[in-house]
Amino acid sequence: MDLTRARAWETLTRHTRSEALRRHALAVEASTRLYARRFGEDEELWGVTALLHDFDYEIHPTLAKHPQDGAPILREEGYPEEVVEAILSHAEHLAMPRDTSLKRTLFACDELSGFVHACGLVRPDGIDTLEPKSVRKKLKQPSFAAGVHRDEVYAGAQLLELELDDHIRNVVEALRPIAPELGLRAG
Ligand SMILES: [Fe+2]
Ligand SMILES: [Fe+2]
């Protein structure tokens, strides 16, 4: 198959109507791509994986099904095992080893991209002036973006061997160019 972003977007949007979920996919894609460039990895492959990591969430919204029941669909559509395995590994409940750079990066970008996105939605200028310090402060407020697992945010930075502030800065930088697509205001 042709492993292209256009193909992955088509797969994602065929299974996902929700704008919030599509935006989450775009945010995780942008962050994962930034790290692919930094690490000199295959940006298209990493981007496709990130774009598709929650592709089945709308049809499988429980841990009993997501993402494991999505995997056979991806295989049937011709996605390579490297993509499918990395997607499976983002789920904590499957406890799969994160033994590649792609797996570690996807996991590290998933919750934090969602959280930074949430921070931007409540700021008048979106993420234009968002600093790690205010993200950290919000992380300590359990009621803010309560669905984001804090322990996974911290574990992700550790997995990438980055200071949390540096990881936050990278994710904010990755999301800035796509702020309009994420529904974030510009200052
Ligand atoms: Fe997921
Ligand atoms: Fe996700």
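Along the sequence shown, residues carry numbers from 1. Counting starts at 1 for both ligands and their atoms, in listed order. The figures here come from the full heavy-atom set of this structure, side chains too, leaving out hydrogens, waters and symmetry mates.
- Because the distance cut-off is set at 2.8 Å, His90 qualifies as a neighbour of the Fe ion (ligand 1) through one of its N, O or S atoms.
- A cation-pi arrangement is absent between Arg104 and Tyr35, since the terminal nitrogen or guanidinium carbon is not both under 6.0 Å from the aromatic centre and inside a 45° cone about the axis.
- Remark: of the listed residues Val135, Asp110, Val171, Val135 is the sole one forming a side-chain contact (heavy atoms from CB on, under 4.5 Å) with Phe115.
- Minimum-distance N/O/S atom of Asp110 relative to the Fe ion (ligand 2): OD1.
- Ring centroid separation for the pair His66 and His90 comes in under the 6.0 Å cut-off.
- In summary, an N, O or S atom of His24 is located under 2.8 Å from the Fe ion (ligand 2).
- Under the 3.5 Å distance criterion, with hydrogens and angles disregarded, a donor-acceptor pair is assigned to the side chains of Thr11 and Glu77.
- Counting just the N/O/S atoms of Asp54, the one with the shortest distance to the Fe ion (ligand 1) is named OD1.
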